[in-house]
Amino acid sequence: MKTLIIAEKPDMGRTIAAVMEPRAKNNRTYLEGEKYIVTWAIGHLLGLAEPDAYDDKYKRWNIKDLPIIPEQFKIVPNPKTKDQLKMIGELAKRCNAIVNACDAGREGQYIFALIQQQLKLHQPVKRLWISDLTAESIATGFERLRDASEFEFLTQAARARSEADWLIGMNASRAFTTRHNTLLSVGRVQTPVLALIHDREKEIEAFQSQTFYDVWAEFKQEQIKYKGAWQGDRLTKPEEAEAIAAAVRGKTGEITKYDTKQTKEYPFKLYDLTLLQREANAKYGYSAKKTLDVAQALYERHKVISYPRTNSNYVTEQNIDGMHKALRMLGTGPYADLVQQANPNLVHKQNKSVCNPSRVEDHHAILPTLKRPGTLSKEEQNVYDLVIRRFLSHFFPPAEYKMHTVMTQVDKHLFKTNIKELLSLGWKVVLSKADQDKGKKSKSPKKEDEEETDEWTDKKFEIDAGRPVDCVRAEMKEKATQPPKSYTEGTLLKAMESAGKQMENEELREVMKDAGLGTPATRAATIERLKKVGYIEMKGKKILITEKGKMAIDLIRHAGVDLLASPEMTGQWERRLHQISKGEAAQEKFMDNVKRFTLSIIDKVRQQPPAPANAFGEEARGKRAAGKEGARNARASGGTAAKGVGRASSGRGGSATLEQAAAPASRAAGTAGSAARSSSDGASGFSVSQRQALGSCPRSNCGGSIIEGRKGYGCSHYKQGCGFVVWKEYAGKQITGTMLKSLLTKGQTQLLSFKRKDGSTVKARIVLNEPGTGQLSVREES
């Protein structure tokens with residue numbers, strides 16, 4: 001009998017057949033040769049069944065029927081591809097062995113496992129595990145087929161991921177949808193990602209820009225000119241800044257300190273999928289999904305790069321020889337000039353910035369294969385070019401710089417200069433001319449009140465620290481503090497990779513990779529899902545949250561299930577799935593925890609007052625009680641079917657204010673009295689009753705809630721005469737949300753540092769002096 005090879009997609013199957021059975025007969029849905037029959041899935045042929053497969057009552061969404069927790073999950077064929085599934089079953093009857101040739105990753109493993117389960121395939125299974133689809137790799141892979149039992153833990157992790165997503169997605173989506181009578185898609189990964197966007201937008205909305213002033217001066221010694229930034233406390237008055245500029249302009253100064261040091265800048269890490277998506281978004285504006293689709297085409301159809309859905313930036317010792325061969329392959333063609341300058345000896349097994357087997361799990365970093373590209377589309381060429389230039393950079397030495405730090409004093413005023421003098425471009429010769437020019441103009445990250453670093457490229461900087469300098473120019477610059485930036489798909493991918501933690505340190509981010517939100521293969525789909533369900537929208541490269549998206553997060557948090565929106569906690573779940581795939585954690589224990597969490601979600605949502613009809617924005621209104629249309633939207637959201645949403649029983653007992661149900665992200669609301677009134681007719685167009693309750697009003701017998709306004713925090717019952725207000729700025733301090741909550745619950749803030757007029761520092765707390773009005777005072781502590 002023959003061996004059945006099951007690939008993940010038709011192109012992959014035909015590529016494998018061309019190597020293993022070059023004379024195979026083509027039968028449209030499979031190829032048959034003397035030893036092998038090669039067929040394929042078409043992505044997922046099977047999926048977890050909808051709730052109504054367990055009981056007809058689930059066709060109608062009703063919060064009373066929740067939770068839905070199957071004792072054993074059922075799988076059902078995809079109606080569109082059921083014929084291909086049937087064909088695999090028929091072919092399997094003619095074979096006594098099977099090779100799983102699906103993608104070498106968690107999802108590929110799951111696709112095969114479901115086919116095996118549904119068709120009850122009992123033949124012994126071997127696993128093809130390769131990182132590219134070149135003829136050489138396929139042939140080598142079949143010589144080294146691995147036993148399927150080696151991947152049992154990976155299968156368990158894949159099942160746990162799918163079933164956990166089903167439990168939370170189905171139950172939480174039905175609970176929130178029926179309770180609030182609007183189609184709300186909730187998911188184990190998508191919800192914390194939405195929370196990241198929500199919280200960033202809240203930071204931007206709450207940000208209050210402050211104007212300050214820089215003073216910079218230009219100095220000259222012989223033919224050398226350089227600029228310096230004035231050193232001192234931030235200047236908030238223009239007359240102070242202008243006085244300093246006037247005091248030094250045209251004067252002679254001295255160099256009080258001059259330091260130099262040599263620095264090297266090494267090539268950036270090889271690409272994993274997330275890093276490639278981030279770069280393509282920054283340079284070309286490609287969405288994460290577009291970059292993934294293009295990279296997948298370069299891998300599957302063109303076979304010019306290795307497996308792209310990797311989370312590794314390194315290679316193993318076995319890849320070094322292939323990298324050298326790929327370098328030689330690139331020696332003819334558009335990259336020939338760069339290859340001639342490259343040094344093959346720099347890429348070797350001891351180079352830990354390239355070869356680090358401990359950092360490689362299922363797949364190595366994305367590399368070019370030995371196949372020359374044919375005709376590529378513009379998008380394919382752009383992504384391929386990114387991969388090639390990053391690959392080539394490691395065959396070049398580091399870029400070298402001489403860093404100059406100059407302290408110049410004029411009339412008791414001190415100016416600081418940082419100059420980066422380029423000595424050797426090194427690996428940066430592989431960058432395109434535009435990227436090289438961009439790099440020359442780039443600035444080092446500095447504090448807002450420091451002058452930007454001057455970067456010298458091919459100019460030599462020489463100065464005599466013992467001789468005077470002339471201040472030939474001095475000017476004042478008006479500046480303003482800037483709010484955080486809205487996420488782009490590139491920066492959101494970076495945040496997802498580290499579960500929302502702000503990690504500039506590459507090593508720390510590396511450690512967090514297995515505790516990120518989703519996997520490299522699923523992050524693009526998560527972002528697309530948020531777009532489809534109307535939670536986010538794009539404005540150029542910026543990702544903006546919609547009113548529906550804000551409301552979804554606020555309802556979830558107000559229900560007391562913050563864990564569902566917690567990026568860090570969900571990242572820990574992903575870490576646990578990673579541990580299951582390695583045999584370091586139990587699938588059963590993980591699923592028990594997910595089931596317990598599902599129960600707690602249902603219990604807490606049941607107690608939540610329904611949101612009012614106008615809480616989700618204009619776009620969402622037309623989708624309320626949308627019947628079959630709602631069902632289609634929910635399925636598009638990724639596994640949260642919405643059959644019967646129009647008939648859903650929400651248990652509504654009349655409308656409720658949004659202060660009870662949780663309002664959208666706080667807007668620029670006023671505070672008490674006229675400040676509060678201004679909040680309902682501003683640009684936001686939201687009434688006070690639609691703002692997030694930050695706590696209860698401490699005024700006796702008031703019963704109102706404290707809401708955030710543009711200048712302060714006031715009571716929602718201002719129309720009934722409550723005059724409670726805490727202004728956002730007091731005693732030189734910004735009253736943050738955390739400080740406000742402390743004032744409302746404890747009557748005082750944490751210990752803070754205050755400056756006296758004589759410049760000394762004292763420890764004190766801001767105290768809520770008058771609960772009836774919000775009057776504050778400062779209480780020193782010894």
Side-chain angles (χ1 to χ4, degrees), residues 11-12 15-16 18-20 101 103-105 108 127-146 266-273 275-276 295-336 338-374 376 380 383-396 427 430 520:
D11 281 352
M12 297 170 67
T15 301
I16 291 170
V19 177
M20 303 309 298
D103 271 359
R127 185 60 159 112
L128 177 68
W129 194 268
I130 56 177
S131 285
D132 62 60
L133 291 170
T134 59
E136 182 183 27
S137 294
I138 291 169
T140 302
F142 270 89
E143 289 172 7
R144 302 172 183 172
L145 287 174
R146 297 164 70 175
Y266 289 87
F268 299 132
K269 291 187 296 185
L270 292 167
Y271 284 126
D272 61 8
L273 176 60
L275 191 54
L276 179 62
Q296 199 68 22
L298 291 171
Y299 164 66
E300 284 182 18
R301 188 162 66 249
H302 300 287
K303 304 170 188 64
V304 293
I305 66 170
S306 61
Y307 184 70
R309 298 172 185 242
T310 175
N311 69 343
S312 177
N313 304 102
Y314 301 92
V315 303
T316 65
E317 295 172 348
Q318 289 72 36
N319 300 123
I320 298 298
D321 183 55
M323 291 180 73
H324 286 174
K325 289 179 179 177
L327 178 69
R328 291 194 290 272
M329 180 272 293
L330 294 167
T332 55
Y335 301 100
L338 291 174
V339 173
Q340 288 175 10
Q341 301 173 57
N343 181 358
N345 295 328
L346 292 175
V347 174
H348 51 80
K349 295 176 182 179
Q350 281 70 47
N351 182 348
K352 292 301 180 184
S353 64
V354 175
C355 182
N356 195 336
S358 65
R359 298 279 187 88
V360 180
E361 294 178 352
D362 295 338
H363 298 284
H364 55 71
I366 301 172
L367 299 173
T369 66
L370 303 183
K371 189 175 186 302
R372 298 179 187 279
L376 301 178
E380 289 169 342
V383 173
Y384 182 68
D385 186 67
L386 287 175
V387 172
I388 296 303
R389 291 183 186 276
R390 182 60 59 93
F391 167 79
L392 288 174
S393 69
H394 288 273
F395 291 90
F396 285 80
W427 65 271
V430 308

Before giving the answer on side-chain hydrogen bond (donor to acceptor under 3.5 Å, both in side chains), spell out for Thr316 and Gln318 the whole-Å C-alpha distance, their side-chain angles and the decisive distance to 0.1 Å. CA-CA 5 Å; Thr316 65; Gln318 289 72 36; 3.1 Å; yes

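- Remark: Cys355 SG to His348 NE2 distance equals 9.5 Å, nearest 0.5 Å.
- The minimum heavy-atom distance linking Ile305 with Tyr299 is given by the pair O-CD1, 3.5 Å.
- Taking CG of Leu275 as the reference point, atom CG of Leu270 lies at 9.5 Å (rounded to 0.5 Å).
- To the nearest 0.5 angstrom, Arg359 atom CZ is 8.5 Å from Asn313 atom CG.
- Counting only heavy atoms from C-beta outward, the side chains of Thr310 and His364 never approach each other to under 4.5 Å.
- Of all heavy-atom pairs between Ala295 and Leu276, the closest is CB-CD2, 4.3 Å.
- Residue Leu367 holds its CG atom at 5.5 Å from CE of Met323, rounded to the nearest 0.5 Å.
- Interatomic distance, CD1 of Ile320 versus CG of Asn351, reported as 7.5 Å (0.5 Å rounding).
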Show, in sequence, the C-alpha distance, side-chain angles and deciding distance for Asp362 and Tyr307, and conclude whether the side-chain contact (heavy atoms from CB on, under 4.5 Å) test is met. CA-CA 10 Å; Asp362 295 338; Tyr307 184 70; over 6 Å; no

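- The nearest pair of heavy atoms linking Asp103 to Met12 is OD1-CE, 3.0 Å.
- Looking at every heavy atom in both residues, Ser393 comes nearest to Pro267 through O-CG, 3.4 Å.
- Looking at Glu136 and Thr369, their side chains never come closer than 4.5 Å, going by heavy atoms from C-beta outward.
- When all heavy atoms are compared, the tightest approach of Val360 to Ser312 is CG2-OG, 3.6 Å.
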Report the C-alpha separation of Leu392 and Leu327 in whole Å, then their side-chain angles, then the decisive distance to 0.1 Å, and conclude whether the side-chain contact (heavy atoms from CB on, under 4.5 Å) test is met. CA-CA 8 Å; Leu392 288 174; Leu327 178 69; 3.5 Å; yes

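- From Leu133, atom CG reaches atom CD1 of Ile138 across 5.5 Å, with rounding to the nearest 0.5 Å.
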Output, in order, the C-alpha distance, side-chain angles, deciding distance and verdict of side-chain contact (heavy atoms from CB on, under 4.5 Å) for Val430 and Phe395. CA-CA 10 Å; Val430 308; Phe395 291 90; over 6 Å; no

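- Within the 3.5 Å criterion, the main-chain N or O of Pro520 finds no donor-acceptor partner in the side chain of Arg309.
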Criterion side-chain contact (heavy atoms from CB on, under 4.5 Å) on Lys371 and His302, from CA distance to verdict: CA-CA 8 Å; Lys371 189 175 186 302; His302 300 287; 5.8 Å; no

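- Taking the six-membered ring wherever Trp is involved, the centroid distance between the rings of Tyr266 and Trp427 does not fall below 6.0 Å.
- Other residues, nucleotides and ligands place no more than 12 heavy atoms under 6.0 Å from the NZ atom of Lys349.
- You'll find the side chain of Leu376 reaches within 4.5 Å of the side chain of Leu298, heavy atoms only.
- The closest donor-acceptor contact from the side chain of His394 to the backbone of Val347 lies at 3.5 Å or more, if one exists at all.
- The two residues Ala101 and Ile16 make their nearest non-hydrogen contact at CB-CD1, 3.8 Å.
- In this structure, Asp385 and Arg389 have side chains that are in contact, with non-hydrogen atoms separated by less than 4.5 Å.
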